[in-house]
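In what follows, chains carry the letters A, B, and so on, assigned in the order in which the sequence lines appear, proteins first and then strands, with residues in each chain numbered from 1. Values reported hereafter were calculated over all heavy atoms of this structure, with side chains retained and with hydrogens, waters and symmetry mates removed.
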Amino acid sequence: MTKVRVRFAPSPTGALHIGGVRTALYNYLFAKKCGGDMLLRIEDTDSARFVPGAEAYIIESLNWLGIKIDEGVGVGGSHAPYRQSERKEIYLQYVNQLLDGGLAYKAFDTPEQLEVKRTEIKNFQYDASTRGQMINSLTLPKKELEKRIADGEPFVVRIKIEPDEDITVHDLIRGDVTINSSIVDDKVLYKSSDGLPTYHMANIVDDHLMEISHVIRGEEWLPSAPLHVLLYKYLGWENSMPQFAHLPLLLKPEGNGKLSKRDGDKLGFPVFPLDWNDPKSGEKSSGYREAGYFPEAVVNFLALLGWHPGGEQELFSLQELIDSFSLDRVSKSGAKFDYEKAKWFNHKYLQAKTNEEVAALFLNEHPFTDNSQAFIAKVVTVVGMVKERVNFVSELWEQTSFFFEAPTTYDEKTVKKRWKEDSPALMQELITVLEGIEDFSVSNSEEVVMNWITQKEYNTGAVMNAFRLAVVGEGKGPHMFDITSLIGKEETITRLKRAIETIK
RNA sequence: GGUGCGUUCCUCUAACGGUUAGGAGAUCGGUUUCUCAAUCCGACAAUGGCAGUUCGAUUCUGCUACGCACUACCA
């Protein structure tokens with residue numbers, strides 16, 4: 001049994017899409033489950049689409065999520081280099097091998113000529129049935145062929161596919177998938193113009209040389225998997241061919257189709273792990289990290305989008321995911337992206353943290369001038385009162401600002417509903433009551449105030465709601481006396497006085 | 001158009017021939033409370049269709065419908 005080695009092989013063409021993140025995650029989970037290695041290879045054979053910074057972005061994303069790379073770009077390893085643009089000579093050697101073996105040929109058709117063919121012939125495909133009419137080393141007279149090559153005329157190398165053969169790909173998720181070779185075209189493997197292979201060639205050569213045991217990738221690759229199998233065969237690597245697993249796609253939350261960046265913009269949720277400013281298009285995209293997600297929550301959410309270990313557990317640590325992961329429990333159909341559930345996961349992870357941990361995160365995100373022990377202790381208490389009602393640390397300030405700052409305005413709707421004609425008088429009387437309290441603790445102040453309300457036969461709601469409005473500025477927040485005992489007697493009375501003066 | 005893959009509640013999914021088809025999110029209702037939330041409780045709601053195999057099909061087979069992917073000198 002050879003060692004499990006998987007790879008994540010993105011193209012540095014922009015931010016790493018969340019679907020790509022999931023592919024990386026599944027590769028990682030599988031590798032770790034099997035005690036294998038996870039490689040990172042950068043597939044930058046398309047220089048036209050290269051975007052500076054994309055590679056660093058990919059690495060930073062994986063780091064943030066806790067997906068550790070054992071070997072590859074950024075960490076090195078015994079199969080270096082791991083950037084395809086740095087492996088030109090390697091590919092050329094195998095391209096020549098195919099050429100020499102008559103399994104590939106050189107084609108000189110220009111993109112324009114191909115375009116003409118495509119419009120001329122319905123469903124044109126460059127294959128056994130049409131290559132005879134095209135300009136290539138199979139059709140050109142020997143002299144002319146030599147001349148074109150001597151002149152340095154650009155050409156591409158195409159794989160020569162024999163028609164009418166059944167090719168079977170064994171997929172770990174879908175079982176055997178068989179297609180006829182007649183429907184696969186003579187794919188371009190190499191371009192003399194830049195001396196680089198195309199995806200298909202580079203991918204097979206690298207997977208073989210890097211001793212990849214399992215190719216786990218998105219379903220969009222399933223149609224070209226037979227071509228890849230053929231390439232392994234042509235190169236004489238059939239016996240060491242990796243196993244394939246094609247993952248279901250991540251779909252739009254609404255309607256049909258693959259999840260795209262546009263969906264995120266439209267529906268207001270990130271489709272990228274990290275914020276990204278595209279240097280080419282100038283577009284800005286938001287990421288999960290900056291939106292306030294915990295990496296563990298994103299990992300947990302993503303892991304369950306297209307895979308489930310059975311049972312009814314929903315919350316899994318990365319280690320638990322590794323322990324229970326298996327490819328045969330990956331579902332076959334695409335999964336719609338459910339942003340509400342993503343928030344729920346974050347909520348769960350936030351609740352699982354201690355008040356101290358959450359307070360530290362809050363303090364980090366919302367710095368205060370006071371950093372005394374006493375103040376931090378106050379923040380911890382405040383956080384403990386409200387954390388269960390938020391999904392994100394970033395929502396904490398909105399829930400707690402009144403603990404730290406007196407309201408400057410009073411919510412209009414609440415004023416209308418809670419501030420009645422007798423409210424100023426009631427609050428004035430409440431001030432007197434509060435002034436008489438020595439022990440301003442939650443239980444004692446509550447007892448005193450409630451006794452006063454009962455004795456005077458006031459309406460509890462009328463008093464408390466006006467009280468809340470005066471102290472908080474609107475009709476929200478934790479238990480009233482939790483608030484007042486924390487901000488203190490003096491501050492409470494100040495706020496009451498101010499409300500009486502201000503609210504009309 | 002061609003080829004391939006897929007199809008269980010609104011969404012993610014469980015049940016790998018025998019269950020009242022389960023859980024979670026969302027939604028709705030209730031509980032609670034001085035408020036907003038949260039909590040807790042409850043409700044809601046599905047095997048795309050038609051055949052076949054079988055004592056019995058969500059599960060196996062075929063057809064059909066629908067969806068998706070691919071169909072570049074992009075990955």
**Study point:** A:Lys88 bridged to A:Glu86 by N-O distance under 4.0 Å
**Key:**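 No, A:Lys88 and A:Glu86 are not salt-bridged.
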Exercise for review: Output yes when A:Asp207 and A:Arg7 qualify as a salt bridge under the 4.0 Å nitrogen-oxygen rule, no when they do not.
Suggested key: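 Salt bridge present between A:Asp207 and A:Arg7.
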Practice item. Using a heavy-atom cut-off of under 4.0 Å over every strand shown, decide if A:Arg329 touches base, sugar-phosphate, or nothing. Key: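 Result for A:Arg329 = sugar-phosphate.
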For a quick test of your reading: what N or O donor-acceptor pairs under 3.5 Å do the side chains of residues 393-407 of chain A make, sequence neighbours left out?
{"residue": "A:Glu395", "atom": "OE1", "partner": "A:Asn391", "partner atom": "N", "Å": "2.7"}
{"residue": "A:Glu395", "atom": "OE1", "partner": "A:Phe392", "partner atom": "N", "Å": "3.3"}
{"residue": "A:Glu398", "atom": "OE2", "partner": "A:Lys476", "partner atom": "NZ", "Å": "3.4"}
{"residue": "A:Thr400", "atom": "OG1", "partner": "A:Leu396", "partner atom": "O", "Å": "2.7"}

Within this structure, what is the [atom1]-to-[atom2] distance between [X] and [N], rounded to whole angstrom?
{"X": "A:Ile167", "N": "B:U3", "atom1": "CD1", "atom2": "C1'", "value": "12 Å"}
{"X": "A:Lys336", "N": "B:U11", "atom1": "NZ", "atom2": "C1'", "value": "8 Å"}
{"X": "A:Gln351", "N": "B:A37", "atom1": "CD", "atom2": "C1'", "value": "12 Å"}
{"X": "A:Phe337", "N": "B:C12", "atom1": "CZ", "atom2": "C1'", "value": "11 Å"}
{"X": "A:Lys252", "N": "B:G67", "atom1": "NZ", "atom2": "P", "value": "15 Å"}
{"X": "A:Lys332", "N": "B:U47", "atom1": "NZ", "atom2": "P", "value": "21 Å"}
{"X": "A:Trp307", "N": "B:A14", "atom1": "CH2", "atom2": "P", "value": "10 Å"}

Using a distance-only test with no angle check, is there a side-chain donor-acceptor pair under 3.5 angstrom linking [X] and [Y]?
{"X": "A:Glu43", "Y": "A:Gln84", "answer": "yes"}
{"X": "A:Trp276", "Y": "A:Glu283", "answer": "no"}
{"X": "A:Thr130", "Y": "A:Gln133", "answer": "no"}

Review point. Given the C1' atoms of B:A21 and B:G2, what is the spacing between them in whole Å?
Key: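 One C1' to the other, the span is 38 Å.
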Exercise for review: Could you measure between the two P atoms, the one in B:U59 and the one in B:U8, and give it in whole Å?
Suggested key: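 Those two atoms are separated by 12 Å.
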Check your understanding: Now, which nucleotide makes the Watson-Crick or G-U wobble pair with B:G48, with each of the two distances under 3.5 Å?
Key ->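 Because both required distances fall under 3.5 Å, B:G48 counts as paired with B:U64.
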Check your understanding: Only one of A:Arg131, A:Arg158, A:Gln125 forms a side-chain hydrogen bond (donor to acceptor under 3.5 Å, both in side chains) with A:Asp186, so which one is it?
Key ->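 It is A:Arg131, the one option of A:Arg131, A:Arg158, A:Gln125 that forms the side-chain hydrogen bond (donor to acceptor under 3.5 Å, both in side chains) with A:Asp186.
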Review point. Would a distance-only check, ignoring hydrogens and angles, find a side-chain to backbone donor-acceptor pair under 3.5 Å from A:Asn459 to A:Gly461?
Key: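 Yes, the answer is positive, given that a donor and an acceptor are paired below the 3.5 Å cut-off.
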Practice item. Using atom types as modelled and distance alone, determine if a side-chain donor or acceptor of A:Asn300 lies under 3.5 Å from a backbone N or O of A:Glu314. Key: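 Answer holds: yes.
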Name the atoms and distances for all side-chain donor-acceptor pairs under 3.5 Å in residues 165-172 of chain A, with sequence neighbours left out.
{"residue": "A:Asp166", "atom": "OD1", "partner": "A:Asn180", "partner atom": "ND2", "Å": "3.3"}
{"residue": "A:Thr168", "atom": "OG1", "partner": "A:Thr178", "partner atom": "OG1", "Å": "2.9"}
{"residue": "A:His170", "atom": "ND1", "partner": "A:Asp176", "partner atom": "OD1", "Å": "2.7"}
{"residue": "A:Asp171", "atom": "OD1", "partner": "A:Ile173", "partner atom": "N", "Å": "2.7"}
{"residue": "A:Asp171", "atom": "OD1", "partner": "A:Arg174", "partner atom": "N", "Å": "2.8"}
{"residue": "A:Asp171", "atom": "OD2", "partner": "A:His246", "partner atom": "N", "Å": "2.9"}
{"residue": "A:Asp171", "atom": "OD2", "partner": "A:His246", "partner atom": "ND1", "Å": "2.6"}

Exercise for review: May I ask you to list the residues of residues 420-428 of chain A, by number, that have any heavy atom positioned under 4.0 Å from an atom of RNA chain B?
Suggested key: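 None, since no heavy atom is under 4.0 Å.
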Please table the atom pairs, donor to acceptor, closer than 3.5 Å between any side-chain atom in residues 17-26 of chain A and protein atoms at least two apart or in another chain.
{"residue": "A:His17", "atom": "ND1", "partner": "A:Gly19", "partner atom": "N", "Å": "2.8"}
{"residue": "A:His17", "atom": "NE2", "partner": "A:Leu259", "partner atom": "O", "Å": "3.0"}
{"residue": "A:Arg22", "atom": "NH1", "partner": "A:Leu305", "partner atom": "O", "Å": "2.6"}
{"residue": "A:Arg22", "atom": "NH2", "partner": "A:Pro248", "partner atom": "O", "Å": "2.2"}
{"residue": "A:Thr23", "atom": "OG1", "partner": "A:Gly19", "partner atom": "O", "Å": "3.1"}
{"residue": "A:Tyr26", "atom": "OH", "partner": "A:Ala303", "partner atom": "O", "Å": "2.8"}
{"residue": "A:Tyr26", "atom": "OH", "partner": "A:Leu305", "partner atom": "O", "Å": "3.2"}
{"residue": "A:Tyr26", "atom": "OH", "partner": "A:Trp307", "partner atom": "N", "Å": "3.4"}

Revision key, fill the gap. Protein-proximity profile, nucleotides 24-36 of chain B, B/S/- by nucleotide at the 4.0 Å heavy-atom cutoff, equals BSS-------BBB
Exercise for review: Could you run through nucleotides 68-75 of chain B and give me one letter per nucleotide, 5' to 3': B if any protein heavy atom sits under 4.0 Å from the base, S if only the sugar-phosphate is that close, - if neither?
Suggested key: SSS--BBB
Check your understanding: Mapping A:Asp176 and A:Arg22 onto RNA chain B by nearest heavy atom, which one lands closer to the 5' end?
Key ->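 Final value for this comparison: A:Asp176.
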